[in-house]
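The structure appears below as structure tokens.
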Amino acid sequence: MDNENRLKDRLDRAYKKVVEEVLKSEDQLDAKHKLYQSNTKRIDTSLTNKLKTFDESITQLHADYKLIHSDLEKAHKQDIVKLDKQEKETTKIYEKDLKELDQELESKRTLNTLKEEKIDNDYKITLDSIKQDYNKKQEALDKEIDKANKNFYEKQLQLEKETDIKKTTQTTINEEKNKELSLSIDKVYESAIKETQSIEKKLKEFEIAFSKSIKEALKAYKEALKPIDLELETLLKNHETDLSEINTYYDNEINKKTKYQKEKEKIADHTAANDYAKEIKKLQKTLKETIDNKKEQYKQAKIPIDKQKEDTIKHHQDTLFNLKKDGIEKIYLYLNSLHVVKTKQLIDINTINIKLLEQQAEFNYKMDSVQIDHDIQMINYNQTQEEARLYYENFTERLKPTQTIDEESAKKTFNEQLNELTKSRNYIKEVHKKDVKLRKLQHALTLHQIDYEKDRLSHMFTFDKRALQIDKNNHFVTKDNDKENFLIKHYYIYTKNYIALKSDGMLVYKPSVEKEVENRKNLEITRYEKMMKQAEKDHEIIMNNIEEIYKHEIKIYEEAYKEIEQTHKETIIQLAKHHQEELQKDKDAIDLLDPKADKGLIKKQLKAFDYKKNEFKEIMDEKKVELEEKLAIYQKMIDQIKGYRLHSSEEADTLLNHIKDQLSDAINHVKLQAADEIERYNKLYFEIKHSSDLFETFQRQREEDTLTEAGEYLKVRQAKENETKATYKEMLNKSLESIKNTFKAYEEENHNDQNETIENCKKAIEQIETIKEENLKNLIDQFNHEKRRLEGLIAKLTNNYDQQLKQLTNEKDKEKALCFKRKDEAENLLKETLSIRQKEKNAYINEREHLKIKDLNRYKEFQNQILKGLEVDAINRLNEDQVQDIKDYLLGVKAIEFQK
């Protein structure tokens with residue numbers, strides 16, 4: 001019992017304070033971790049609530065602007081409805097006024113029509129009396145001319161019937177001869193097809209046997225190469241495995257040293273960085289020497305195997321070349337036989353076709369002769385009929401002027417009465433025309449005024465929609481900036497919480513370490529290993545925080561980027577559609593113009609058409625530049641956020657690697673020298689704290705840079721939106737001024753047209769009276785002149801009849817002479833045609849023989865080209881699948897493709 005008390009007393013005195021200090025340090029460290037985790041959860045909750053509130057405000061903002069836009073559109077529609085109602089009421093009154101004017105005009109026209117009917121009836125009675133006397137004389141003459149025409153038509157029908165019989169006979173004979181020659185052509189085709197099919201069948205059988213021979217020869221070649229290739233493959237695989245293992249080992253060492261070098265460069269420790277650089281160069285040199293040695297060993301081992309493979313390939317190359325050469329030459333002979341059959345077929349068919357053409361020429365000559373005999377007889381019949389017609393026409397023409405003199409006297413009286421009535425009608429028409437035109441001008445002015453008001457409201461409505469969209473854009477840009485601010489601030493809070501955990505972690509254990517330097521060496525090693533695992537878990541948390549913040553940040557600008565691209569695309573589609581509609585309207589207007597009468601106007605319209613197309617291209621270029629400027633702002637922020645994310649991840653990785661390396665050094669130092677543990681532990685604490693401070697500096701700088709860039713982005717976006725709004729306002733003012741000036745110009749033009757209409761009516765009434773007097777004088781003068789003319793015409797007609805009879809006889813004699821000449825020309829043409837056809841037949845035979853020799857020489861040339869290719873590589877070129885194409889290669893219809 002005494003021993004137990006002594007042992008307990010010794011343990012208490014020796015280790016009690018150490019254990020108490022250790023327990024106290026562990027409690028403090030657990031408290032710090034719990035505080036870190038609690039703070040992280042609170043930050044996560046705060047960020048989630050912020051994002052939820054932000055999304056709700058965005059949704060409400062969309063709804064608010066949608067309601068404003070709806071109210072704006074509703075008010076615009078109400079204004080347009082009022083103007084449409086006013087337009088309908090104005091048109092209704094206008095149509096009523098026009099109807100009353102038309103009714104008044106119709107009443108006056110009815111009265112004048114009754115007067116005109118009486119004048120017309122009196123005139124018709126007089127003319128009927130004159131015509132009855134003329135008709136009696138004309139009837140007697142018509143009976144004589146009908147008798148002459150009947151005799152002519154009977155002779156003409158008999159002649160046509162005889163001519164048709166002759167032509168039908170010649171046609172029947174010609175068709176029978178053509179049928180015989182056509183049957184000859186069919187026999188030539190059938191004979192050539194049978195010979196061709198026989199040769200092609202033999203060629204196909206040979207191709208199958210030839211393909212099979214190539215396939216068997218290639219199979220023997222591949223079997224001979226298989227064990228050699230397997231040996232080469234095994235040698236190469238072992239060589240690549242050795243190189244891969246060497247590269248992997250040295251790459252890992254070099255990458256690790258490179259990371260340490262970059263970390264030292266960041267903290268300006270140039271001495272350590274230079275040491276790492278030297279180690280890296282030494283590793284790279286050793287790697288190169290090792291790889292070069294391995295490559296040389298592989299090269300020496302491969303030489304005898306390559307020599308064996310080369311000898312095997314040469315043997316099979318010679319075998320396959322001779323096999324393929326014999327097969328190609330055999331196929332060439334089959335093609336030669338096919339070409340001979342084809343040439344004979346073409347010559348035989350051409351000879352028959354020449355006979356058909358010669359027979360057709362003889363048929364044409366006989367048909368021409370029958371027609372010429374018919375034409376001569378018709379000339380005689382026509383001459384007899386024409387002489388009867390001339391007598392009838394001369395008698396009729398001399399009878400007509402006598403009647404016309406009586407009719408002209410009645411017509412003079414009739415026209416004098418109509419002249420007075422025309423004066424009354426023209427007066428009524430001019431007054432009505434003036435009243436209608438004035439009412440139309442007044443109505444058109446009212447409609448233009450309504451259209452002007454609609455146009456003005458439309459421009460105002462368009463501007464209001466654009467201004468509302470710009471205000472909405474500004475509001476959403478501000479909202480995005482707010483989101484960016486609270487996201488980056490939350491991220492910085494994450495990093496400060498993480499730094500607070502890491503910067504003082506080692507300080508907690510310092511008192512216990514100082515009291516148990518030797519006693520707790522093994523416990524310290526265990527504790528350091530535990531801290532390394534915890535560092536990896538904490539590292540995962542901060543990396544997840546970096547990724548989460550990045551997702552929310554990048555979403556802001558990528559969504560805006562896509563939205564601008566989509567808006568730009570829709571704008572381009574609408575502009576293109578409107579531009580195409582405008583061009584189509586202009587084209588339709590040009591098509592309606594007369595190419596001769598409106599030549600100048602068409603040229604002007606086409607010039608305007610080209611101008612619109614060029615103007616549209618300039619607008620498209622401007623829109624493209626505008627899109628690029630807008631997208632550049634977003635792209636800049638997206639690139640920066642991606643850069644920040646990469647930098648933060650690299651810095652967190654560097655911090656983790658640094659902690660793990662330092663803890664590993666601490667474990668080694670504990671094992672090597674317990675006496676130096678306190679000094680090294682202090683150094684470890686300051687190194688970790690320094691690294692944590694560096695990490696905090698980097699993240700604070702990131703927060704400042706992000707907030708600055710986001711603020712600049714907000715200013716640029718708002719400035720561009722405000723600039724666009726000012727441009728739209730300027731466009732609105734110009735448009736309103738333009739339509740106002742257009743309406744004022746139309747209003748002035750309309751008033752001038754009304755005054756001009758009244759003045760023109762006065763002048764027209766004065767002109768009506770003047771025309772009436774002039775017409776009366778002209779009627780009297782015309783009657784006297786016409787009477788003298790008709791009396792002279794009767795004497796002239798008698799003389800003309802004698803001259804026409806003489807001229808008719810001369811013309812018919814000339815027509816008969818031309819018919820005889822045609823008969824001579826047809827006979828000469830037949831002789832000449834038969835001579836030409838014989839020459840063509842001989843020339844075609846010579847041409848086909850020449851082409852046959854030329855084609856066979858070309859087949860031989862293609863055969864030599866294939867054989868040259870096979871001399872280079874008969875193994876891989878012209879495989880069994882290509883045998884069926886050798887015929888096409890020799891014919892030149894398909895180019896052979898050799899594998900290289």
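As the structure is a computational prediction, the values presented were derived from the model and not from experiment.
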Find out whether [X] and [Y] are in side-chain contact, i.e. whether some heavy atom of one side chain is under 4.5 Å from a heavy atom of the other.
| X | Y | value |
| --- | --- | --- |
| Lys226 | Glu223 | yes |
| Arg837 | Lys841 | no |
| Gln300 | Ile303 | yes |
| Asp368 | Glu825 | no |
| Phe210 | Asp326 | no |
| His239 | Leu235 | no |
| Lys278 | Lys281 | no |
| Asp306 | Leu232 | yes |

Subject >> Check ion pair Lys533-Glu536 (N to O, under 4.0 angstrom) >> reply: no
**OP:** Could you walk me through whether Asn842 and Gln838 pass the side-chain contact (heavy atoms from CB on, under 4.5 Å) test, one step at a time?
**Re:** CA-CA 7 Å; Asn842 296 332; Gln838 190 61 35; 4.1 Å; yes
Which heavy-atom pair separates [X] from [Y] by the least distance, and what is that distance?
| X | Y | result |
| --- | --- | --- |
| Ile214 | Leu320 | O-CD2, 4.4 Å |
| Ser664 | Met532 | OG-CE, 3.8 Å |
| Ile331 | Phe206 | CG1-CE2, 3.7 Å |
| Leu283 | Tyr250 | O-CD2, 3.7 Å |
| Ala192 | Val341 | O-CG1, 3.8 Å |

When you measure from the side chain of [X] to the backbone N and O of [Y], does any donor-acceptor pair fall under 3.5 Å?
| X | Y | value |
| --- | --- | --- |
| Asn353 | Ile349 | yes |
| Lys324 | Arg877 | yes |
| Ser191 | Lys187 | no |
| Thr290 | Thr286 | yes |
| Ser244 | Glu240 | no |
| Asn657 | Asp653 | yes |
| Ser211 | Glu207 | no |
| Glu840 | Ile354 | no |

Once rounded to the nearest 0.5 Å, what's the spacing between atom [atom1] of [X] and atom [atom2] of [Y]?
| X | Y | atom1 | atom2 | answer |
| --- | --- | --- | --- | --- |
| Thr171 | Asn178 | OG1 | CG | 10.5 Å |
| Lys309 | Ile228 | NZ | CD1 | 8.0 Å |
| Leu218 | His316 | CG | NE2 | 10.0 Å |
| Leu356 | Asn350 | CG | CG | 11.0 Å |
| Thr234 | Ile305 | OG1 | CD1 | 9.0 Å |
| Gln534 | His539 | CD | NE2 | 13.5 Å |

Original post:
Do Gln317 and Glu871 pass the side-chain contact (heavy atoms from CB on, under 4.5 Å) test, and can you show the C-alpha distance, the side-chain angles, and the key distance before you say yes or no?
Top reply: CA-CA 8 Å; Gln317 161 72 16; Glu871 287 176 356; 5.5 Å; no
**OP:** Check the pair Asp538, Ile542 against side-chain contact (heavy atoms from CB on, under 4.5 Å), reporting the backbone distance first and the verdict last.
**Re:** CA-CA 7 Å; Asp538 297 338; Ile542 193 62; over 6 Å; no
Original post:
Going through the distances and angles, do Lys212 and Glu216 end up as a side-chain contact (heavy atoms from CB on, under 4.5 Å)?
Top reply: CA-CA 6 Å; Lys212 185 177 179 181; Glu216 291 173 351; 3.5 Å; yes
Original post:
Just checking, any donor-acceptor pair under 3.5 angstrom between side chains of Glu548 and His552?
Top reply: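 Checked: Glu548/His552 side chains pair up, N/O donor to acceptor below 3.5 Å.
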Subject >> Option among Gln360, Lys831, Glu827, Gln170 that satisfies the side chain to side chain contact (heavy atoms under 4.5 Å, CB included) test with Tyr365 >> reply: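 Checked Gln360, Lys831, Glu827, Gln170 against Tyr365; only one passes side chain to side chain contact (heavy atoms under 4.5 Å, CB included): Glu827.
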Original post:
Is there any salt bridge (charged side-chain N to carboxylate O under 4.0 Å, His left out) pair reaching into residues 332-347, and which pairs are they, with sequence neighbours excluded?
Top reply: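 Qualifying pairs: Lys344-Asp348.
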**OP:** Take atom CD of Glu233 as the centre, draw a 6.0 Å sphere, and report whether it contains more than 12 heavy atoms from other residues, nucleotides or ligands.
**Re:** no
